[in-house]
Each structure stands twice: as C-alpha cells, then as structure tokens.
Amino acid sequence: MIDDKTLADHNLTRDEYDFIVKLIGREPNLTELGIFSVMWSEHCGYKSSKVYLKKFPTKGKYLIQGPGENAGVMDIGDGLAVVFKIESHNHPSYLEPYQGAATGVGGILRDIFTMGARPVAVLDSLRFGPLDKPKNRSVAEGVVSGISGYGNAFGVPTVGGEVYFHDCYSQNPLVNVCCVGLAEKDRIFLARAQGVGNAVIYVGAKTGRDGIHGATMASAEFGKETEQKRPNVQVGDPFKEKLLLEACLEVMAKGLVIGIQDMGAAGLTCSTTEMAAKSDTGMEINLDLVPQREEGMNPYEIMLSESQERMLIVTSQDKVKPLQDVFSKWDLEAVVIGKVTEDEQLKAYFHGELVIDIPVKAVVDLCPAYRRPVEAPAFVRRLARFKVPGMPPDLDLNQVFLQLVASPDIADKQWVFRQYDHMVQINTIVLPGADAAVLRLKGTKKGLAMTLDGNSLYAYLNPKRGGEIAVAEACRNLACAGAAPMGVTNCLNFGNPEKPEIMWQFKEAVEGIARACRQFDIPVTGGNVSFYNETEGQAVFPTPVLGIVGLVDDVATIPAAGFRGEREAIILLGENKEELGGSEYLKLVFDQEKGKAPELDFRSEKSVQEVCRQAIKQKLVRTAHDLSEGGLAVALAECSIKSKKGLGFEVKLNDPIRTDALLFGESQSRIILVAKEKNAGKILALARKMKVKAKVIGKTGGKKMVIWHRKKKVVDQPVELVRDAFKNSIPGYFKV
C-alpha cells in the first residue's frame, strides 16, 4: 500500500489512488504511480477545467485540426496551413527565469514542427511584479533573456506580444509563449502509434534528470519550499533543437514518418501513452535502450524526465534505416526503443524485468474530471459598486496625460523586444509595437496577421467580461492590419482551482471567451490551462490570454502604426462613453483598481471592425490604431510617437461627458483611422452605410500634441517630450 506522504508528494488523493488500483487491477509500483501522477496532474489531465473547456466552439470553415493534438491547424489557401499554439511556462520561469522561459520557447516550437510545420514566428505575453523590486527585475531580465536566447539561436523571429506589471505577479510571473508555423495543408502529421509491429524510435537529445515532475510542480501552489523545486526546471539547447527541426522536417518530407510527438510535459510518459491511446494500440519499450546522459538512471527517472529537444517517432520497420541515416546526418540520436503492440498496454522493460504494465487509455482518457465548488467572491460585488470619484477641480490633465503615457503598462516595451531578432527569415512586414504583427506569405500577396491580448484587471473585476474583451480586442488588433480573424488559441492563467472563488473566475472567463468566439465565428483550436499560480495563498489576477491569427488579402494595403503625413484627417470609429472602471487612469490618479469593466456590445464591435477592414481594403487608410489602455488620448499619442516624421496632432472634441473619461476612459469598440482629406468622406460614408458612429476629430501635423474639449485646451505637450516619457520611463517611470 502506498502511504499518504508518497501520494502527497505525487499530488494524488487517496480516492484517485484507489481509482488507479481499480483501473489496473492491482497496486501500482512507484514508477507506475509516477506516470499516473504526471498524466493526471492539472497540467496534463485538465481535471478541474475540462468540464468547462467543452463550452468552447471548435468548428470553423477554415479548421483542419482542432483541440486534441499538439497544435491547431487552419487552412489559409494556396495549399498552405497555419499551425499555432500557446503554452505557459509560469512556475519554471519563477524558479529559473532564463531556463524556464527558454524551455517554454523550445517546447512550443516542438509542438509546431511535430505537426510538420516550420515555425515562422513567436509571440509572448508576459506578466511581472513591479520592476522597482530587485527580485522582480531579476525575474523579468532572466525571462526576456531566455526568450531571446532560445528564439534567436534557433532562428525564429519574436514578432509581438505584451508586457504588464502588477504586485500580484511578484511571486508568480506569467510567461505565455505562442508559436505560429506554416505547413503544406495536405502534409500534417499527428501523434499516432499505428500499425502493430511498427518501430518506436527515440530521436534527439539524451535523457537526463532535469525536469522530473515538472508537470506535477506546475499543478500545485508555491510555498516556502519554493527554492527546493529548482531541479524540476528543464535545461534547453536551441542549437540542438534547430538540428532536430531540420531532421524531423526532412524525414517527414521523405515519407518516413507514420506518427510523431514531442516529449514535452511528462516526457517519454506522455509521448508513449498518448500516441498509443489515440490509435487504440499499445506500446512496448526497452528503457535500457533510451539514450541517457547521466549514469544510474532508474525507470522512474527515465519515464518522467522532461529533458528537452526529444521526440518519439513511429515508422514501419523497412523505413527505420533511412530515417536513422537522416538523423545521423544531423548529428542526432535515432534509436529504436520498442514497437507498437495491439494490447493497448504500455509495457516497459528495464534490465530484463517488466517494470511498467498499465493500460494506456486509463492513463490518458480516464483522468477524473472534477466539477469543483464554485462561488462568486464577495469582493467582486463590492468592487463593482464602487463609484468613480468626481474629477478633482485642480487636476492637471496635461500632466496626467504625460504620466499615463509613461506608466509601466503603457510605456514603450522596446527594452524587451529589441532583444529579440524579429527579422530572421525576412518575412516580418509589421514589426513589434504595432497592434498586430504581420508576416508575408511568400509567393502570394497575402499576409498572416497575429496578436496576443488579455487585460487581467478587467478579468479581475468581471471575469466573463474580461474574457469577452480579450477576444474582441485581439480581433480589433487584427482589423487594424486589415485582417479577418480565423482561429483562436488561449492560455488561461488562474490561481488554485480547489478554491471556489478561483473556480468561479475560471468558469466565468471561459463562458465569456466562448460567447465572444461564437460572436466572431472563430473556433478555439487548442491552448493551455495554467492553474495554481498562487504563492502562500496569494493568487494572480485571472489572466486569460488570447492568441488569434488572421489573413490579410493584400499586404500592400496594410496601414502604418504611426502618422504618415501633414494635415491628414483623424477619424474616430465608435462611440466615446463615460467609463473609467478598471482603467489605467483610475489606477494612476486615484490609486483604485475598482469599478465596472467597460461594456461590450458585440454588434457594435463587429461593425466597427468591418468598417476598418473595408476602408483598409479600399486603400483609404494611412494609419490605423485601436483604443485600449489609456483611452483616446494615449492612442493618439502612440500614433504620434510611432510617426517616422515625428508628427503631432490637434484634436477637437465636443462629447457631453466628463473630460477625464473622454480622454482616458477605456470604452471598447473604438478605432482611430487616419486618411488623406479627400478620402475622409469615403470612410464616413462607409461607416454610415454600416451604421457605425464615425467622425473627423482632428488633423495630423505640427510638433505638438493638442486636444481640446468644448473649446478648452486640455492637452498641450511637445511631441518630443511625450516621446521621451514613453520611451525612457522604464524602470524610472514618472510617479504621480
């Protein structure tokens, strides 16, 4: 009988253990217990989340492969498919920031090329504690270095993402990495172990002791013993991964692969059991044949190691030699360690002894699914009842404008993305810092647009609305590049699901995302749930992050992120409302993270986006930028800051709402378009036709940023001063 301490060490309950005994018909040995532990962990088994994940729409007109594989696949025409996925590496990135982030990149790259796609872009969504604390600064620097070190060495451009700061992430940084790849749509490879008697081949790097129980670690809160978990973090080698990519794509192109899966979370355990379970087969392996870089490894360590840069391939016996020849050319191991069987069991031998004999479907498909208690936390109602204070009569909006532009969440993130090679592969058309990144699709006029979005404060105040807005803003960012959304991948970062209030946040956020995806008619192709982002009882804000890809029909029509010419018309699509709840302004001036998250009307949102896309398609738009954190004033400032000519603007507003809400409110469904004067009327006519509110609010030009409200000049700042505040504020940002 396994004792309670051993079960606790494996994050298994006594009831789960009893169920394991029932499934396999006997007491498991320690290695078998370890296998169930990692595969039934929250990270791999989704036991607290899968009852809600079923609410996501998973069908779409472009869909080739939805959830259940290493990555989602969408048909983008011209015989091509886009393959994309997002994953988290949160816990490892706190323990070992560089390696945690680096192996997060490595893992998501393998998810893409194991499908037969060449990775073409990486995006990352990062959350850190405030950088004025040395530990947070160390974590942030390590994470950014890890992402750049792995991605740059591997040779994939990091083209976009987001970076936010808050105290709740001080002991739980979030590192979400999305990878996008391209493949021939009729050459997609799946994780299958088909054909009884076919060879099971281990390829890539040798197995070590790094990363053992990494998946289990990611399925528990951190406590005072956090430092002891460092051995759970893997170590990556991007140069080895580059060789692995080229070798895998070559054997795929030569027709030498029947099924393939990377050894990610749970290592050899996940690849053997999942490939067999999906194929209604079994697998028999000899652990003595697994290439090892450390002496004296036992079956438990070999099966649960999460050493990086490894894959498992199934192929027919007659193709083993040519496959090995390819890997040998790339200086990589390719060792036959077993065969496919028909008994639906995973059997493993070590020194001639049978050490594992368990049904693969019990491991993969029969993980318990929990409908955990759900309860709305009292603070949500209390925060929503908060009434925004009146605008202080002595408040200097001109100075607030400057301080907002310099606030950490809004200010320039060039200190992050300048460390990334975003031009490798020479496909990047729209660079980091714009609403969406765009890659050219060689041989066509089309471009592939992509973005990551999520506002955790909105989700904290109203998880359902936060989920909806994350989808809407991502789609709005794509619209500003002229792209229509096609598919979604999501990373859902939450605290401990065993707490009813956390589970309520998760349920609400999922329902919001599901509703928004249906409104935009885009399927969820897969993603990742990251629970237990909590240390000593302090959880992160609920942080759903949405990665959405879309197509640009003609890259020649893509507008700039900044102003292009003097005296061009500035047009506002959408309606200004008096909404300050959850805004950067409320946090900056009143030190309050309260109020109601902005309203979202899907009909209005979709119409605004469609007007934007149509105007871009008709080549009427010179600049396009969506409104998000900081509101209208900050969006205008960003257009000016990103102007290659250093152009300012003058805007005159007459909306009958309080001035601070007009300038800095974060109402949704708004986009700034800039057009030559002769084309402004055409855009307004297009908006009228689609029943979208639109008006010319000012003109570009000059060297100052000027905003009037009801004939009173409320903002008047030199472009150079605002640009300096935006670009040089981190870490020494302005204080109110």
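The analysis underlying the following values was restricted to heavy atoms, covering all of them including side chains, and did not include hydrogens, waters or symmetry mates.
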* To do: Provide the closest heavy-atom pair for Val235 versus Gln99 in the form atom of the first, atom of the second, distance.
  => CA-OE1, 3.5 Å
* Please round to the nearest 0.5 Å and tell me the distance separating atom OG1 of Thr207 and atom CE of Met297. => 6.0 Å
* Got a second to check how far Ile337's CD1 is from Thr272's OG1, nearest 0.5 Å? -> 8.0 Å
* Asked: Rounded to the nearest 0.5 Å, what separation is found between the CD1 atom of Ile35 and the OG1 atom of Thr269?
  -> 4.5 Å
* Asked: Between Ala117 and Gly181, what is the shortest heavy-atom contact and its length?
  -> CB-C, 4.1 Å
* **Minimum heavy-atom distance between Arg209 and Glu294, given as atom pair plus value** => N-OE2, 2.8 Å
* **Other residues, nucleotides, ligands: >12 heavy atoms within 6.0 Å of Glu375 CD** => no
* **Heavy-atom side-chain proximity of Phe327 to Ile201 below 4.5 angstrom** => no
* Asked: Ring centres of Phe379 and Tyr460 under 6.0 Å apart?
  -> yes
* To do: State whether the side chain of Ser305 and the backbone N or O of Gly208 hold a donor-acceptor pair below 3.5 Å, judged by distance alone.
  => yes
* Side chains of Gln538 and Gln171: do they bring a donor and an acceptor to under 3.5 Å? -> no
* Can you find a heavy atom in the side chain of Asp111 that is under 4.5 Å from one in the side chain of Asp262? -> yes
* Side-chain donor-acceptor pair under 3.5 Å between Ser307 and Asp210, yes or no? -> yes
* Counting only N and O atoms by type, is there a donor-acceptor contact under 3.5 Å from the side chain of Ser328 to the main-chain atoms of Asp325? -> no
* Asked: Are Asp357 and Gln345 linked by a side-chain donor-acceptor pair shorter than 3.5 Å?
  -> yes
* Structure fact -> Taken to the nearest 0.5 Å, the spacing of Leu12 CG from Asp4 CG works out to 11.5 Å
* Crowded around Lys339 NZ? As in, over 12 foreign heavy atoms under 6.0 Å? -> no
* Only one of Asn172, Asn493, Asn90 clears side chain to side chain donor-acceptor pair (under 3.5 Å) with Asn533; which? -> Asn90
* Side chains of Tyr52 and Glu511: do they bring a donor and an acceptor to under 3.5 Å? -> no
* Do the rings of Phe113 and Phe154 sit parallel, tilted or perpendicular, given the 30° and 60° boundaries? -> parallel
* What are the two closest non-hydrogen atoms of Ala514 and Lys55, and how far apart are they? -> CB-O, 3.5 Å
* **Side chain to side chain, Glu42 and Pro497, heavy atoms closer than 4.5 Å** => yes
* To do: Please tell me if the side chains of Gln194 and Asn198 come closer than 4.5 Å, counting only heavy atoms from C-beta onward.
  => no
* Does the pair Glu69/Arg192 count as a salt bridge with the N-to-O cut at 4.0 Å? -> yes
* Exercise: do Ser88 and Asn528 side chains pair donor with acceptor under 3.5 Å -> yes
* To do: Count the heavy atoms belonging to other residues, nucleotides or ligands that lie under 6.0 Å from NZ of Lys54, then report whether that count exceeds 12.
  => no
* Asked: Looking at Lys22 and Asp18, does any basic side-chain N land under 4.0 Å from a carboxylate oxygen?
  -> no
* Asked: Do the side chains of Leu289 and Val336 get nearer than 4.5 Å, heavy atoms only?
  -> no
* Asked: Can you name the nearest heavy-atom pair linking Gln292 to Leu287, along with the distance?
  -> NE2-O, 3.5 Å
* To do: Report yes or no: do Thr281 and Ser279 form a side-chain donor-acceptor pair below 3.5 Å?
  => no
* Decide yes or no for Leu332 and Val203: does some side-chain heavy atom of the first lie under 4.5 Å from some side-chain heavy atom of the second? => no
* Asked: Side chains of Thr543 and Tyr169: donor-acceptor distance under 3.5 Å anywhere?
  -> yes
* State whether the number of non-hydrogen atoms from other residues, nucleotides or ligands found under 6.0 Å of Asp331 atom CG is greater than 12. => no
* Write down the atom of Leu245, the atom of Pro119, and the distance for their closest heavy-atom approach. => CD1-CD, 3.7 Å
* Asked: Do we see a donor-acceptor contact under 3.5 Å between the side chains of Asp15 and Thr13?
  -> no
